Structure formats: C-alpha cells, structure tokens
Amino acid sequence: MLTETDRVAFRELGRRLAHALVEHLDAVEPATRTQHLAEATSLSAEYGRLGASAGLSMGEVVEGFLAFRRPFLAEAVVVARRRGFDIDEVTGLFDDAEQALDHLLVATMSGHGLARSPRRRVRIPGSGGLQA
C-alpha cells in the first residue's frame with residue numbers, strides 16, 4: 001500500500017515525465033528531441049526505482065506506467081485534432097509517441113530491476129551509458 005508521501009512523489013515524477021515527453025514530441029531539432037527523450041528516460045528509470053523502493057512489484061510498476069500511457073496517447077490525438085493535423089501528421093505523432101513510450105517503459109522496468117539488485121549494472125537506452 002502506498003503512503004500519501006509515495007503518491008505525491010509519483011504524481012510529481014509523472015508531471016515531470018509528461019512534460020519531458022511532450023517537449024520531446026514537440027521538438028523539431030534532432031538534438032533537442034534526443035535531450036528531452038534522455039530526460040524522460042532518466043525520469044522513467046526513477047519511476048521504476050521509486051516503485052521498487054515503495055515495495056511495488058514489477059507488475060504493479062508497469063501497471064502504473066500503463067495508466068499514464070493510455071491518457072497520454074488519448075490527449076495526443078485530441079491535440080492533433082485541435083491543431084488540424086492531417087491523417088499523416090496524426091499517424092506520425094502517434095507513432096513517435098508510441099515509440100517514445102515503449103522506450104520509457106523499458107527504462108522504467110530497468111530502474112525497478114536496478115533498485116531490486118543494486119550490484120547489477122544495465123544500460124538504459126538513451127542514457128548514454130551504464131546506470132547503477
């Protein structure tokens with residue numbers, strides 16, 4: 001069972017993660033896109049570590065991530081419609097968002113695994129190196 005302190009920490013982390021993900025999807029310059037995805041990746045790994053330290057199983061952490069993913073993708077479609085994107089632009093945005101979210105899910109799971117076995121080092125995609 002999560003404490004209120006845990007819930008607040010997850011909400012704040014989720015807000016920061018959503019912001020970094022939106023910045024990634026909205027950026028035009030490849031270096032800026034990469035920078036924001038790396039930030040979101042780091043935050044996702046932290047989400048996994050936070051879940052592990054709160055005693056959540058990998059399944060519970062993934063379930064929480066998926067609860068974030070669904071409304072995020074739905075909002076991306078609403079924004080695309082509001083901006084008048086054509087079908088190709090909507091498809092491209094949706095594909096970019098799904099690829100980024102898949103990447104972040106892997107980082108979340110890696111973060112959880114690292115918190116559970118701190119001696120093991122794995123490479124978190126997009127982080128530029130090994131994470132402990």
Side-chain angles (χ1 to χ4, degrees):
M1 186 78 165
L2 293 177
T3 67
E4 185 57 29
T5 302
D6 292 335
R7 290 179 200 284
V8 168
F10 275 113
R11 275 193 299 272
E12 175 58 27
L13 193 55
R15 278 192 285 274
R16 291 173 50 211
L17 176 56
H19 178 74
L21 184 53
V22 167
E23 291 294 322
H24 163 73
L25 294 172
D26 204 30
V28 176
E29 175 66 36
T32 303
R33 286 178 59 86
T34 299
Q35 175 189 1
H36 289 299
L37 183 58
E39 178 184 357
T41 299
S42 176
L43 292 168
S44 293
E46 180 59 28
Y47 182 90
R49 287 189 293 272
L50 182 62
S53 69
L56 299 177
S57 70
M58 176 75 77
E60 290 168 320
V61 170
V62 169
E63 186 177 328
F65 184 91
L66 293 176
F68 163 81
R69 178 188 180 109
R70 283 186 288 274
F72 186 86
L73 288 172
E75 184 60 26
V77 171
V78 169
V79 168
R81 283 186 184 142
R82 188 171 45 236
R83 290 184 179 180
F85 286 4
D86 67 26
I87 192 66
D88 290 336
E89 291 171 315
V90 171
T91 301
L93 175 64
F94 199 77
D95 284 346
D96 286 351
E98 280 208 313
Q99 287 178 18
L101 286 163
D102 289 350
H103 176 85
L104 299 180
L105 179 55
V106 171
T108 299
M109 294 168 65
S110 295
H112 185 277
L114 288 172
R116 289 289 187 198
S117 42
R119 284 180 254 155
R120 192 171 140 223
R121 297 176 68 86
V122 297
R123 185 182 185 290
I124 298 175
S127 68
L130 292 176
Q131 300 292 317

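What you see is a predicted model, and the numbers here were worked out from it, not measured in a lab. Just so you know, these numbers use all the heavy atoms, side chains as well, and skip hydrogens, waters and symmetry mates.
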Quick check: does any side chain N or O of [X] sit under 3.5 Å from a backbone N or O of [Y], one acting as donor and the other as acceptor?
X      : Y     : value
Ser42  : Ala38 : no
His112 : Leu56 : yes
Arg33  : His24 : yes
Gln99  : Asp96 : no
Ser53  : Leu50 : yes
Asp95  : Gly92 : no
Thr108 : Ser44 : yes

What I'd like to find out is whether the side chain of [X] reaches to under 4.5 Å of the side chain of [Y], using heavy atoms alone.
X     : Y     : result
Leu66 : Val62 : yes
Thr91 : Ile87 : yes
Leu25 : Phe72 : yes

For Arg11, does the CZ atom sit with more than 12 other heavy atoms under 6.0 Å from it, leaving out its own atoms?
yes
Decide if atom CD of Glu98 counts as having more than 12 heavy atoms of other residues, nucleotides or ligands within a radius under 6.0 Å.
yes
Are Leu43 and Val8 grouped together when hydrophobic residues (ILVMFWY) are joined by side-chain heavy atoms under 4.5 angstrom apart?
no
Taken to the nearest 0.5 Å, the spacing of Leu13 CG from Phe68 CZ works out to 9.5 Å
For the atom pair OG1 (Thr41) and CG (Leu21), what is the distance rounded to the nearest 0.5 Å?
9.5 Å
Using every non-hydrogen atom in the two residues, find where [X] and [Y] come nearest and quote the distance to one decimal.
X     : Y      : result
Ala54 : Leu2   : CB-CD2, 3.8 Å
Ala76 : Leu93  : O-CD2, 3.7 Å
Leu17 : Leu104 : CD1-CD1, 3.9 Å
Glu39 : Ala20  : CD-CB, 3.9 Å
Phe65 : Tyr47  : N-OH, 3.5 Å
Ala52 : Val61  : N-CG2, 4.5 Å

Using distance alone, with no hydrogens and no angle criterion, decide if Thr3 and Asp6 have a side-chain donor and acceptor under 3.5 Å apart.
yes
